[in-house]
Amino acid sequence: FFLVVCFLFCLLNLCFWITCLYSACLPSITFFEEKKFQGRCYNCSSDCADLHTHFSRCNSIRVESGVWVIYERPSYKGFQYILSPGEYADNQQWMAFSDSVKSCRAVKNIYGSAWKLRLYERPDFGGQVVDCSDDVPSAYDAYKMREAYSCVVTDGAWVFYDLPNYRGHQYLLERGEYRQHSDWGASSPGIGSFRRITEF
């Protein structure tokens with residue numbers, strides 16, 4: 001009897017730790033209507049195409065786990081902001097252009113530990129080619145390149161910025177082919193800097 005009790009106790013303990021580890025691996029983000037984590041809030045742990053029923057505006061965010069893309073409009077449209085785990089006490093900390101956040105999704109860590117992309121100076125993979133595997137704070141300084149019209153991401157997930165030093169509009173690029181800059185959501189081909197997403 002004593003051995004059965006010990007076995008059951010160990011089994012329950014193991015289940016508890018497995019649940020804790022599983023929960024810690026789940027992506028989690030909390031939106032707050034006011035700055036400094038005040039006002040109405042909403043916690044999210046999965047992709048959501050329409051957040052407007054949960055809050056009317058967003059002025060601070062806490063990312064508990066995972067890397068998230070938040071969008072200005074529903075259905076993953078409009079300005080994109082890529083957020084790593086951490087606290088964002090006001091929307092200027094994620095370089096927002098407004099207090100509108102209407103959809104979000106977690107970036108899945110399916111890429112392993114390799115990063116590689118190829119930039120092209122013309123649409124449909126034409127013109128000068130640049131291969132990259134590291135963060136680039138200035139595309140012009142590194143490659144004398146101010147515009148990229150198409151791109152192929154073979155490994156990893158990346159963030160493009162239209163200004164140097166990781167500033168300006170943000171665009172998430174995951175593994176795949178982008179025949180023109182509008183395929184990654186940009187209205188113009190200007191590229192100022194880009195970086196790898198490593199904070200999964």
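- The CZ atom of Arg175 lies 6.0 Å from the CG atom of Asp155; values are rounded to the nearest 0.5 Å.
- Side-chain N or O atoms of Glu121 include one that pairs as donor or acceptor with a backbone N or O of Gln128 at under 3.5 Å.
- Lys102 NZ to His52 NE2: the interatomic distance, rounded to the nearest 0.5 Å, is 8.0 Å.
- A distance of 8.5 Å separates CG of Asn59 from CD of Glu33, quoted to the nearest 0.5 Å.
- Taken together through direct or relayed side-chain contacts under 4.5 Å among Ile, Leu, Val, Met, Phe, Trp and Tyr, Met145 and Trp184 form part of one hydrophobic cluster.
- Between Leu117 and Phe160 the shortest side-chain heavy-atom distance falls below 4.5 Å.
- Across all their heavy atoms, Asn91 and Cys58 have their closest contact at ND2-O, 3.9 Å.
- Under the ring pair (Phe, Tyr, Trp, His ring centres under 6.0 Å) criterion, Tyr178 pairs with no residue at all, not counting sequence neighbours.
- Under a cutoff of 6.0 Å and an axis angle of 45°, Arg167 and Tyr161 do not form a cation-pi pair.
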### Task
For the pair Asn43 and Ser28, evaluate side chain to side chain donor-acceptor pair (under 3.5 Å) and give the outcome as yes or no after the intermediate values.
CA-CA 7 Å; Asn43 179 264; Ser28 179; 3.1 Å; yes

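- Between the side chain of Asp162 and the main chain of His169, a donor-acceptor pair closer than 3.5 Å is present.
- With respect to Lys36 and Asp90, no salt bridge is recorded, no charged nitrogen being found less than 4.0 Å from a carboxylate O.
- In the hydrophobic clustering of this structure, Tyr120 does not group with Val153; members are Ile, Leu, Val, Met, Phe, Trp, Tyr whose side-chain heavy atoms approach within less than 4.5 Å, directly or through other members.
- In this structure the side chain of Asp135 reaches within 4.5 angstrom of the side chain of Tyr166, judged on heavy atoms.
- Grouping Ile, Leu, Val, Met, Phe, Trp and Tyr by side-chain contacts under 4.5 Å, direct or through others, puts Val63 with Ile29, Phe31, Tyr42, Leu51, Phe55, Ile61, Trp68, Ile70, Phe79, Tyr81, Leu83, Tyr88, Trp94, Phe97, Val101.
- Rounding to the nearest 0.5 Å gives a distance of 9.0 Å between CH2 of Trp158 and SG of Cys151.
- Between Val69 and Tyr76, the closest side-chain pair of non-hydrogen atoms is not below 4.5 Å.
- Closest of all the heavy-atom pairs between Ser193 and Pro137 is CB-O, 3.2 Å.
- Asp141 and Lys144 get closest at one heavy-atom pair: O-NZ, 4.0 Å.
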### Task
Starting from the C-alpha separation in whole Å, work towards a yes-or-no answer on side-chain contact (heavy atoms from CB on, under 4.5 Å) for Leu119 and Phe194.
CA-CA 11 Å; Leu119 298 172; Phe194 51 91; 3.8 Å; yes

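- Both Tyr143 and Tyr171 are part of a single hydrophobic cluster, where members link through side-chain heavy atoms under 4.5 Å apart.
- For Leu172 against Ile82, the heavy-atom pair with the smallest separation is N-CD1, 4.0 Å.
- We find the CZ-OG distance between Arg196 and Ser133 to be 8.0 Å, quoted to the nearest 0.5 Å.
- There is a path of hydrophobic side-chain contacts, each under 4.5 Å, that joins Val129 to Phe125.
- The nearest pair of heavy atoms linking Cys104 to Ser46 is SG-O, 4.4 Å.
- Residues Glu34 and Arg40 are not paired through a salt bridge, judged by the lack of any N-O separation under 4.0 Å between the basic side chain and the carboxylate.
- When atom types are taken as modelled, the side chain of Ser100 and the backbone of Glu72 share a donor-acceptor pair closer than 3.5 angstrom.
- Here the CD-OG distance, from Glu199 to Ser65, works out to 13.5 Å after rounding to the nearest 0.5 Å.
- A side-chain donor-acceptor contact under 3.5 Å links Ser103 to the backbone of Arg73.
- In this structure, Ala106 and Asp47 approach most closely via the heavy-atom pair N-OD1, 3.0 Å.
- In this structure, the side chain of Trp115 engages the main chain of Ile197 through a donor-acceptor pair within 3.5 Å.
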